[in-house]
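Every chain is numbered from 1 and lettered A, B, ... according to where its sequence line falls, protein lines coming before strand lines. Only this structure's heavy atoms are used, side chains among them; waters, hydrogens and symmetry mates stay out.
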Amino acid sequence: MRVTEALVYNRMGRNNTLSRQRLDKTSLQLMTGRSIERPSDDPLLASRIEQANRGMRRTDRFRENIAQTDTHYRNLESTVATVVDQLSELSELAISMVSGAMNADNKSYAAEQVTNILQSMRALGNMKYDGKYIFSGRLETTPAYDDLGNYQGDAIGRTTEVTDGYSIQTDMSGLEVFGDPGAGATTAFQAAENLRTGLLANDNTQILAALDELQAAHKTATGAWSVIGYRLSELQQYDGINDDQKINYAEQEADLVGADYAKAASEMQFAETVYQASLATSSRLMEILKMEARL
Amino acid sequence: MDSIKSLMGGAANAIGAHKASLALTSKNIANANTEGYTRQRITLMSSTLGNVTTRRASSFRSATIQRAILGAQQSYGYQSGRLQSLQLAEPGLNDLDGSGVSAALDNFFSALSALSNDPSDVNSRQSLLAQAQALAGAVNVAAKGIESARNAAEQDASLTVTAVNQIVLDIAALNGQIDKTPVEMGQAELIDQRDVLLNDLAQYMEVNTLDQDDGTVLVYAAGGQPLILGDDASQMTLTGGGNAALGLAIQKPDGGVITMSDPPGGSLGGIIEARDDTLRTSLDELDQMAFSLASQVNTIHSAGTALDGTTGHNFFAPLATAAGAAEALSVDDGIKSDPLLIASAGDPTLLPGDNQVLKDIIALQSTAVVGGKTLYESYDIASSTVTLAMNDASSQMRASQARLSEVTAMRDSRSAVSIAEEMVELNASERAFDAVSRVFDTADKLYDTLLQMV
């Protein structure tokens with residue numbers, strides 16, 4: 001093949017450009033720590049990176065839902081625990097008042113205690129958090145119970161997504177805690193009211209009947225407390241699952257995006273050597289061409 | 001005397017021959033770096049009278065290699081035009097840094113989810129409004145990026161057609177000169193200039209050439225449409241534009257106009273393909289996505305109830321058609337001015353806590369609402385249409401560039417000047433010239449001597 005000046009110059013220019021581009025590409029990887037800068041560099045890889053990012057954002061959303069729901073349930077839990085204690089106290093009072101040693105005056109005094117506990121329980125039934133009634137379901141600006149102790153909230157609450165395809169209830173209606181008259185149960189308020197009536201009437205039969213109702217109400221409230229505990233545990237479990245998933249997605253993303261530093265450094269060194277050799281060779285060739293011109 | 005006269009005549013002939021050879025060699029050396037210059041060589045041969053005469057100068061031009069260069073140029077030009085036209089659209093479709101449409105969609109649905117947990121919370125409503133505006137903004141930016149790329153491609157195509165027309169005129173003019181210029185009067189140089197222009201033309205569009213015996217060339221565009229016949233040049237015009245596809249028409253010297261039905265090839269072909277195929281497809285998909293998003297959300301939202309008990313509110317500003325939807329997507333002014341109008345309840349009797357409408361909107365993210373595709377799938381198609389085409393163009397451009405370098409190297413090897421060779425030729429011609437000059441001097445002295453003898 002004839003070697004001409006045009007051939008030499010064109011080749012020099014092209015090869016210098018190619019080796020410079022190679023050096024630029026590897027140095028950019030090291031500077032940014034990324035294997036690709038633009039989706040067009042590797043569209044398939046970019047798509048996989050985006051899937052991992054979407055996965056992370058989705059788990060973040062689930063974790064936020066879980067956090068909000070967890071806060072709400074913890075408020076519910078402390079309130080329901082107090083209701084359970086109150087029902088226990090009422091039951092103990094009822095048991096103590098049916099003994100032969102208690103007279104009408106003792107029972108009258110006990111009736112006043114029941115009144116106080118009942119008032120407190122009604123207040124708990126209409127407990128608010130962040131300006132919303134916590135036992136009213138979706139009708140959160142309406143008090144759960146009216147003055148007569150009738151439930152006026154919503155029986156079906158809201159749900160929230162805690163992982164792909166699975167939602168959890170975010171609240172608890174008053175019916176689940178204080179009893180559902182529609183299902184034939186006596187509410188905790190009514191049971192307490194019945195106890196007060198029995199005490200004022202000094203009627204042990206009424207007191208014993210009220211005791212049965214209080215124990216049933218106690219069982220309902222304790223059951224609600226257990227459900228809250230179960231849901232909190234479920235939330236924690238799904239939070240853990242989401243956390244693990246996010247870590248997986250993050251690792252996947254890092255593997256896909258992150259440049260292999262050792263490999264990039266080695267490639268850059270090689271590219272640098274090639275570029276330097278290319279420049280040195282070009283320089284020598286130009287000297288030779290000058291010599292030829294001086295012939 | 002006669003023999004001395006013929007000696008002098010032969011020497012004079014030889015001096016002329018070597019002088020011509022010297023002149024050509026020095027011309028070769030002078031043009032060693034001239035783009036497209038084809039080296040020439042004078043062939044010396046002895047005449048019947050025993051003198052040396054020159055055959056006409058021959059040029060080391062290869063029509064086969066020239067055609068290969070034209071093919072490689074048009075292939076490289078096509079991919080280069082394609083890639084350049086697509087590049088402007090990519091930034092708006094780049095989700096790698098978390099600021100693109102994909103992330104904006106996720107954030108929008110996350111904000112919906114947060115509000116669904118507490119529908120009456122004002123902060124959550126403000127947050128949803130902000131994320132909805134961010135989503136609309138991201139879609140607008142993506143669409144504007146694609147539209148800008150299409151507009152820039154149209155301008156590039158127009159400028160390219162202008163350049164092509166000028167080159168075509170120049171080649172035709174050179175054809176005219178070549179036809180009138182004898183070989184020994186510099187025809188080869190004119191052919192070289194014309195070949196350089198043909199290379200430039202080939203990068204802009206596909207051309208097929210037919211060399212004529214008189215040194216001129218006939219040039220045809222893709223599909224066999226005549227561009228240059230002798231010194232007659234056709235002119236091209238760009239048709240279409242705006243929302244319409246670009247096209248090309250050839251106006252012949254006799255005034256007739258032919259519409260080019262075949263793709264023109266070269267960078268012009270790449271630009272038109274990028275604009276009217278790749279970018280058009282991407283924008284159409286993005287428009288469909290935006291239109292479906294707005295329509296589906298509005299349908300659900302307007303059936304829901306806002307916190308004040310009112311209904312019938314659009315969430316996004318209504319869009320009449322899919323065309324232009326991506327660029328026009330925006331949050332409804334009513335919602336922007338009062339986030340409390342965001343409908344959350346499906347049952348007005350369950351205000352303010354009911355979140356059914358929000359949940360129904362959230363469900364859209366995994367529902368096929370865009371022609372059998374989800375919103376995410378539709379956006380992925382819109383962005384990957386461009387990025388895959390860019391990746392392909394980049395890869396093919398590298399291959400074309402390698403091929404072009406290879407055939408250019410073949411041309412440089414065969415046709416370009418080697419100074420070392422020319423130096424040897426120069427030396428040989430110079431020596432021969434010196435030797436013949438001496439013969440002439442000797443003959444001259446003999447003549448003088450004879451005259452003195454007389």
Side-chain angles (χ1 to χ4, degrees), chain A residues 1-11 14-15 18 34 36-44 46-47 49-51 53-54 56-58 60-62 64-65 68-69 72 130-132 136-142 154 156-161 164-165 167 170-171 257 289 292-295, chain B residues 29 32-33 35 37 39 86-87 90-91 93-96 98 102-103 106-107 109-110 113-114 116-121 345 347 349-355 359 362 376 380 383-384 386-391 394 401 405 408-421 423-424 427:
Chain A
M1 193 183 200
R2 285 182 69 247
V3 177
T4 63
E5 273 64 23
L7 179 66
V8 170
Y9 284 126
N10 285 337
R11 268 190 182 160
R14 173 164 162 75
N15 291 329
L18 280 177
R34 299 169 70 92
I36 60 169
E37 283 307 304
R38 292 172 294 273
S40 59
D41 291 342
D42 190 338
L44 182 59
S47 171
I49 291 169
E50 186 49 30
Q51 294 305 319
N53 283 330
R54 279 184 195 163
M56 281 196 282
R57 289 192 287 265
R58 207 162 54 245
D60 279 344
R61 187 194 325 165
F62 295 146
E64 183 55 39
N65 289 347
Q68 280 182 285
T69 307
H72 187 69
D130 198 23
K132 302 177 184 84
S136 294
R138 289 171 290 182
L139 296 171
E140 56 197 22
T141 51
T142 304
D154 166 38
I156 304 168
R158 290 193 293 259
T159 57
T160 193
E161 210 177 4
D164 281 316
S167 296
T170 61
D171 48 23
V257 168
L289 290 171
E292 283 180 350
R294 281 196 289 267
L295 283 175
Chain B
I29 293 169
N33 289 330
E35 188 196 350
Y37 179 78
R39 67 190 170 110
L86 294 171
Q87 274 169 344
E90 191 178 24
L93 300 169
N94 187 352
D95 292 290
L96 287 178
S102 184
D106 280 339
N107 293 338
F109 285 114
S110 289
S113 183
S116 76
N117 292 333
D118 194 356
S120 58
D121 181 48
D347 184 348
T349 64
L350 293 172
L351 282 171
D354 185 30
N355 63 358
K359 285 170 66 176
I362 292 169
Y376 287 97
D380 284 346
S383 76
S384 66
V386 171
T387 57
L388 282 169
M390 284 180 70
N391 186 263
S394 179
Q401 202 169 29
S405 293
T408 304
M410 286 166 66
R411 189 247 163 229
D412 289 340
S413 175
R414 181 182 164 83
S415 309
V417 172
S418 165
I419 289 189
E421 271 181 18
M423 284 301 166
V424 168
N427 213 283

Answer with side chain, backbone, both or neither: which region of [X] has an atom nearer than 4.5 Å to a non-hydrogen atom of chain A?
{"X": "B/E35", "value": "neither"}
{"X": "B/L351", "value": "backbone"}
{"X": "B/A103", "value": "both"}
{"X": "B/D95", "value": "both"}
{"X": "B/N107", "value": "side chain"}
{"X": "B/N94", "value": "both"}
{"X": "B/S120", "value": "both"}
{"X": "B/R414", "value": "backbone"}
{"X": "B/Y376", "value": "both"}

Heavy-atom proximity to chain B below 4.5 Å, by part of [X]:
{"X": "A/D41", "answer": "backbone"}
{"X": "A/Y9", "answer": "side chain"}
{"X": "A/T159", "answer": "both"}
{"X": "A/R58", "answer": "neither"}
{"X": "A/I49", "answer": "side chain"}
{"X": "A/Q68", "answer": "side chain"}
{"X": "A/D130", "answer": "side chain"}

Backbone N or O of [Y] within a donor-acceptor pair of the [X] side chain at under 3.5 Å?
{"X": "A/T4", "Y": "B/D412", "answer": "yes"}
{"X": "A/E5", "Y": "B/I419", "answer": "yes"}
{"X": "A/R158", "Y": "B/D118", "answer": "no"}
{"X": "A/S40", "Y": "B/N391", "answer": "no"}

Which of [options] touches chain A most, by non-hydrogen pairs under 4.5 Å:
{"options": "B/E421, B/E90, B/M390", "answer": "B/E90"}
{"options": "B/I362, B/T387, B/N427, B/V424", "answer": "B/T387"}
{"options": "B/M410, B/K359, B/R411", "answer": "B/K359"}
{"options": "B/A114, B/S116, B/A389, B/S415", "answer": "B/A114"}

*Residue among A/G131, A/A6, A/P39 with most heavy-atom pairs under 4.5 Å to chain B*: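 Among A/G131, A/A6, A/P39, the one with the most close pairs to chain B is A/P39.
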
*For the candidates A/E64, A/E161, A/K132, which exhibits the highest count of non-hydrogen atom pairs separated by less than 4.5 Å from chain B?*
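Heavy-atom pairs under 4.5 Å are most numerous for A/K132.
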
Which value, rounded to the nearest 0.5 Å, describes the distance between [X] atom [atom1] and [Y] atom [atom2]?
{"X": "A/N10", "Y": "B/T408", "atom1": "CG", "atom2": "OG1", "answer": "7.0 Å"}
{"X": "B/T349", "Y": "A/L139", "atom1": "OG1", "atom2": "CG", "answer": "7.0 Å"}
{"X": "A/Q51", "Y": "B/D380", "atom1": "CD", "atom2": "CG", "answer": "6.0 Å"}
{"X": "A/R138", "Y": "B/L350", "atom1": "CZ", "atom2": "CG", "answer": "4.5 Å"}

*Would you say the side-chain atoms of B/S113 and A/N65 include a donor-acceptor pair closer than 3.5 Å?*
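A pair is found: one side chain offers a donor N or O, the other an acceptor, under 3.5 Å apart.
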
